Protein chains: 2
Amino acid sequence: MDTKSPPSERQLSATKRSAILSGAMQEFLAQGYAATTMDRVAAAAKVSKATVYSHFKDKEGLFIALVQQLQEKKFQVVYGSPEGKRLQGPPRQVLHHLASNMLENIIEDKPFQAFMRLIIGESGRFPELARAFSHHTPRCFLSILKDYLGAQSGLNLKDPEATARIFIGSLVHYVIFQELLYAKEVVPFARERMIQGLVDLIVNDSA
Amino acid sequence: MDTKSPPSERQLSATKRSAILSGAMQEFLAQGYAATTMDRVAAAAKVSKATVYSHFKDKEGLFIALVQQLQEKKFQVVYGSPEGKRLQGPPRQVLHHLASNMLENIIEDKPFQAFMRLIIGESGRFPELARAFSHHTPRCFLSILKDYLGAQSGLNLKDPEATARIFIGSLVHYVIFQELLYAKEVVPFARERMIQGLVDLIVNDSA
DNA sequence: GTCTATACCAGGATAGAC
DNA sequence: GTCTATCCTGGTATAGAC
C-alpha cells in the first residue's frame, strides 16, 4: 500500500476536465479574464499546465467553455428558481414572494455575483458570451412573469411585458448597485423596502 | 526651420499629464485594467513610458487617477444633465422627459458605457472605486427625483424614494442589458415602450 | 494522457543620458 | 522632465519523457 490515491490510480479524462473547469471557475470569477493565469488555473485544478492545454485549445477556449457551462448549470438555480411552474395566486403575495426569492437567491450566491461582474466586465472583449447571456438567462423568468401579469385583469396594466421588465430590471439593478458596487455600505436601502415599493407600484389597490 | 512641432518645443508637465490621462482613458476603457499595457498607454499619449512613470507611481495609481477624473468630469454631463435645476410641471411630462433624456444621454455616450463596464468589471479588484461611484454618481439625480415625486400629492405614492430608485434602476438596467450586454440584438425592446411603461406605472391616472 | 522542463515573448518598472 | 535602452519577472504555449 502506498500513499497515493487509493480508488483509481490513473484518473480519467472527464475527471480532469471537470477539475480544470472547477479551477478555472475559481480563478476567472475571482480575477477576471486578463488577470487570470493558466498557471494558477492548473494549480487550482491540481493538474499540470500541459494537461490544461490538452483539454482546451487555449486560454480563450477554456474561458468560453467555462462560461457556457456556468450558464447551463448555475442558471437553473437562480433564474429557474422555485417558480419553474406557472405562477398563481393573488398578485400582492405572488409578486412579493417572487421578488423576495429572487433577491435572496442572487444576494446569497456570491459566485453568481462574480459571474455577473465577469460577463459585464468582459462583454467588450467577448460580445458573443454577453449575447448568449442576454438570450438565455432571463428568458423564462421574464416570459412567465409577463404571462402572469397579463392574466391579472384586476391590475389594469397597459403593458404587461414592460411591467415585467421594470420588475426584474429594478431588482437586478438593486443587486448590481447595492451588492456589486457596494452601495449598501455607502447609500444603504433596505431590501424589504425595495420589494414593497415595487409591489405597491404594480398592484396599487387603494387600500 | 525643422519638421518638429512649431508652437512649443518643450511641452510642459500639465500638458503631458493630461495627454497621459487621455491615452490611459482610451486604453483602459477599451481593454479593461489587466489587459491594458503601459506601453500602449504611452503610445496613445505620444509619450515615452518613463514619462508616464514620472507622473504616476504605477499602473494602479494611473488607473485610480483616471477613474477619479472621469467621475468628476464625465458625470456632470450624464447625471447632472439638463435637469440640474429642480423639476417642475405635470408628472407625465416631467417623468417622460426625464427618462427620455437620461436614456438618450447614456446610450449615445459610448465612453460612458465603457466606463460602466469598467467600474462593474473591476469592482472586485478596486472596491474603493466602486464605492466612490455608488456614492457620487446617482446621488443628486436620485435626490432630485425623490423630492419631486414626494411633492406630487396627486400621485399617491407610498414611498417616493423607493419609486425614484425603481425609476432610475429600471432605466439603468435597461442600458446595461440592452446596450452593454447586446440584448438589443437578441431580445429587442423599444426604448419608448420602456419609458411609457414606466411612466404609466407611476402616474396611473385612469385615462 | 499526463507530467517536467523549457522556449519564447511581453509587460512593468528603472537607470542614466540629455 | 523627458527620452532611450534595459532588466527581470512572469505569462502562454509546447516538446519530449513516461
Side-chain angles (χ1 to χ4, degrees), chain A residues 2-67 118 122 125-126, chain B residues 2-67 118 122 125-126:
Chain A
D2 60 43
T3 60
K4 289 278 186 75
S5 55
S8 67
E9 191 57 37
R10 265 193 332 171
Q11 292 185 298
L12 273 90
S13 180
T15 308
K16 298 271 180 185
R17 185 188 161 92
S18 88
I20 293 167
L21 282 171
S22 171
M25 177 175 108
Q26 190 183 308
E27 293 301 314
F28 280 123
L29 288 188
Q31 318 283 338
Y33 178 76
T36 291
T37 74
M38 297 298 262
D39 264 308
R40 289 178 61 98
V41 169
K46 291 176 182 169
V47 156
S48 85
K49 215 174 8 170
T51 301
V52 176
Y53 279 96
S54 80
H55 282 263
F56 300 93
K57 181 176 173 292
D58 55 14
K59 187 181 176 180
E60 193 171 319
L62 173 58
F63 182 67
I64 292 174
L66 171 71
V67 171
L118 194 64
E122 304 296 345
R125 198 194 312 252
F126 295 99
Chain B
D2 60 44
T3 61
K4 288 278 188 73
S5 55
S8 68
E9 193 55 38
R10 263 193 334 171
Q11 291 185 297
L12 274 90
S13 180
T15 308
K16 298 272 180 185
R17 184 187 162 91
S18 87
I20 293 168
L21 282 171
S22 171
M25 178 174 105
Q26 190 183 309
E27 293 299 316
F28 280 123
L29 288 188
Q31 318 284 339
Y33 177 77
T36 291
T37 74
M38 296 298 262
D39 265 308
R40 289 179 60 97
V41 169
K46 290 175 182 168
V47 156
S48 82
K49 210 172 18 168
T51 301
V52 176
Y53 278 96
S54 81
H55 282 263
F56 301 93
K57 181 175 171 292
D58 55 13
K59 188 180 177 182
E60 192 171 320
L62 172 59
F63 182 67
I64 291 174
L66 170 70
V67 171
L118 195 63
E122 304 297 344
R125 199 195 311 252
F126 296 98

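Just so you know, these numbers come straight off a predicted model, no measurement behind them. Just so it is clear: chains get the letters A, B, ... in the order the sequence lines come, proteins before strands, and each one is counted from 1.
One atom, CG of B:D58, and another, P of C:dG12, lie 11 Å apart when rounded to the nearest Å. Taking atom CD on A:Q31 and atom P on D:dG10, their separation rounds to 15 Å, with Å as the unit. Regarding B:R40, its CZ atom lies at a distance of 9 Å from the P atom of C:dG11, rounded to whole Å. In this structure, B:I20 places its CD1 atom 12 Å from P of D:dG1, rounding to the nearest Å. Following rounding to the nearest Å, A:H55 (NE2) and D:dA13 (P) show an atom-to-atom distance of 16 Å. Going from atom NZ of A:K59 over to atom P of C:dA10 covers 15 Å, rounded to whole Å. Remark: C1' of C:dG12 and CD of B:E27 are 15 Å apart, rounded to the nearest angstrom. The nearest whole Å value for the distance from the NZ atom in A:K57 to the C1' atom in D:dT14 is 13 Å.
Note on B:T37: only backbone sugar-phosphate atoms sit closer than 4.0 angstrom, heavy atoms only; bases stay farther off. Residue-level contact check: A:D39 touches the bases, meaning some heavy atom is under 4.0 Å from a base atom.
Using a 4.5 Å heavy-atom cutoff, the side chains of A:F56 and A:I64 are not in contact.
Scanning for ring pair (Phe, Tyr, Trp, His ring centres under 6.0 Å) contacts around B:Y53 gives an empty result, with sequence neighbours left out.
Figure legend: A:K59 and A:Y33 shown as a cation-pi pair, the cationic atom lying under 6.0 angstrom from the six-membered ring centre and within 45 degrees of its axis.
Residue side chain B:K49 reaches the base of C:dG12 through a donor-acceptor N/O pair under 3.5 Å, judged by distance alone.
Note that the CE atom of A:M25 and the CG atom of A:L21 stand 10.0 Å from one another [nearest 0.5 Å].
The residue among B:A50 and B:Y53 whose nearest nucleotide of DNA chain C is located toward the 5' end is B:Y53.
Residue B:T51 has no polar side-chain atom (N or O) positioned under 4.0 Å from OP1 or OP2 of D:dT2.
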